[in-house]
Amino acid sequence: MGKRKLWVTYWLWAVGGPVGLHHVYLGRDSHALLWMLTFGGFGLGWLREFYRLPAYVESANHNPTTARAANGRPVRAGAAPPPISLARFAGQVCIGIYFGMAALIGLSSISAFYLLVLPLAIGTGVHLVSSVGEQTSDLRKTLTACLVTSPVFYGHALGTVPVSIAASVTAAQNRRYKPGMEREEPLGARLYRLGLAWLAFSAPLGYSVFYNTTATLSYAADSVAALLDWLWFFPSLRSLLESCLLLPYRAFSLLTGGGGEGPGQWERVLERFISEHSQRRLAALQVLAVSSEAPFEEITQRYRELVKTWHPDHNPHRAGEASSRFLEIQEAYETLLRLHRPQRGS
């Protein structure tokens with residue numbers, strides 16, 4: 001491909017920026033994939049790029065066979081690592097959590113999920129952000145940090161947060177410039193790889209959303225509620241997070257003319273949604289007499305013990321009470337089963 005033109009880059013940024021078209025044009029495939037999976041960094045990253053596009057074009061027009069720093073100068077072997085970027089580090093943490101949440105929704109039925117699948121998903125998200133632009137990091141060390149950290153927070157509702165932080169710290173410590181390419185790859189081969197990567201991320205998540213919508217929303221609401229509860233001692237940060245979560249509702253309301261709803265309607269909808277599912281989970285935990293931090297294996301063990309204790313056949317002298325308690329235990333376990341394994345049918 002010849003020299004990239006700035007006006008073409010801006011045009012692609014305007015018409016297809018949230019899905020990374022301008023990054024495909026500039027040969028920034030890691031950045032393009034990140035935008036495809038997050039719709040332009042949840043919109044904020046796409047808007048932030050408006051003033052950065054000239055630098056992207058200048059970097060893309062340099063000789064692709066030579067690794068270059070942000071200032072366009074060639075990077076020699078043994079050169080110092082690139083400077084630490086707080087924006088990149090924050091992006092690593094957020095995307096690591098995002099990939100972890102997607103894995104929890106779509107893949108948590110896989111055996112050894114918390115020991116293998118979840119840390120690999122978080123590490124992949126962190127490494128993707130690490131590889132944006134002219135930088136990259138040591139993938140093996142990043143994944144190792146996830147594999148070591150994940151068992152410590154086994155089954156925790158917010159376990160993705162510390163695992164993502166550990167992976168981001170490791171990636172930042174092992175950052176380096178990308179090596180120069182021998183030649184620029186054909187566009188078709190690049191699009192083929194991008195398509196496979198997008199399908200690998202989207203297919204299990206899409207299956208859960210479309211075929212197990214209720215369970216998926218239940219898990220998402222429970223996770224959001226847990227995060228907001230965890231931030232109770234940071235009221236400003238909690239308010240900011242709630243505002244960000246409500247952005248999609250407000251955008252939809254604007255596009256549809258508000259649908260006749262009052263100015264606080266979306267806030268009340270989200271509040272009711274989170275409150276309802278959180279109360280259902282807490283009630284189920286109380287029935288089984290387990291803590292909110294209990295892993296699913298402990299919940300299952302407790303359920304089996306209570307079922308044996310309250311089975312009507314084992315309580316012939318109080319059959320009515322035993323039958324009622326038995327059904328209550330069954331319903332509580334099914335509720336927690338949907339929340340912990342959202343890909344299964346309700």
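As the structure is a prediction and not an experimental result, all values here were calculated from the model. All residue numbers in this chain count up from 1 along the given sequence.
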Let me see the working for Ser130 and Gln135 under side chain to side chain donor-acceptor pair (under 3.5 Å), right down to the final yes or no. CA-CA 7 Å; Ser130 303; Gln135 299 184 29; over 6 Å; no
Do His22 and Glu49 come close enough that some side-chain heavy atom pair is under 4.5 Å? yes
Atom CZ of Arg48 with >12 non-hydrogen neighbours under 6.0 angstrom: no
Side-chain donor/acceptor of Tyr177 to backbone N/O of Thr136, under 3.5 Å: no
Relative to the ring of Phe42, is the ring of Tyr98 parallel (under 30°), tilted (30 to 60°) or perpendicular (over 60°)? perpendicular
Determine whether a donor-acceptor pair (N or O, by modelled atom type, separation under 3.5 Å) exists between the side chain of Thr170 and the backbone of Ala166. yes
Residue pair Asn61, Lys3: steps toward the side chain to side chain donor-acceptor pair (under 3.5 Å) verdict: CA-CA 6 Å; Asn61 285 332; Lys3 293 288 185 180; 5.2 Å; no
Please answer whether the main-chain N or O of Ala145 pairs with a side-chain N or O of Thr149 as donor and acceptor at a distance below 3.5 Å. yes
Residues joined to Leu196 in its hydrophobic cluster, side chain to side chain under 4.5 Å directly or through other members, sorted by chain and number, are Tyr192
Can you check whether Ser164 reaches Gln92 side chain to side chain, under 4.5 Å on heavy atoms? no
Taking the side chain as C-beta and beyond, is there a heavy-atom pair between Pro81 and Arg176 under 4.5 Å? no
Heavy-atom closest contact (Lys178 atom, Ser30 atom, distance): NZ-OG, 4.0 Å
Side-chain touch Leu116/Leu147, heavy atoms, less than 4.5 angstrom: yes
With sequence neighbours excluded, what pairs up with Glu305 under the salt bridge (Lys or Arg N to Asp or Glu O under 4.0 Å) test? Arg302
Treating Tyr25 as the side-chain partner and Lys5 as the backbone partner, does any N or O pair qualify as donor plus acceptor under 3.5 Å? yes
Please tell me if the side chains of Trp46 and Phe39 come closer than 4.5 Å, counting only heavy atoms from C-beta onward. no
Would you call the rings of His31 and Trp35 parallel, tilted or perpendicular if under 30° counts as parallel and over 60° as perpendicular? perpendicular
Check: Val287 and Arg325 side chains under 4.5 Å, non-hydrogen atoms: yes
Between Leu21 and Trp13, is any pair of side-chain heavy atoms under 4.5 Å apart? no
Scan side-chain atoms only and decide if Tyr154 and Glu297 contain a donor-acceptor pair under the 3.5 Å cut-off. yes
Find out whether Ile84 and Phe89 are in side-chain contact, i.e. whether some heavy atom of one side chain is under 4.5 Å from a heavy atom of the other. no
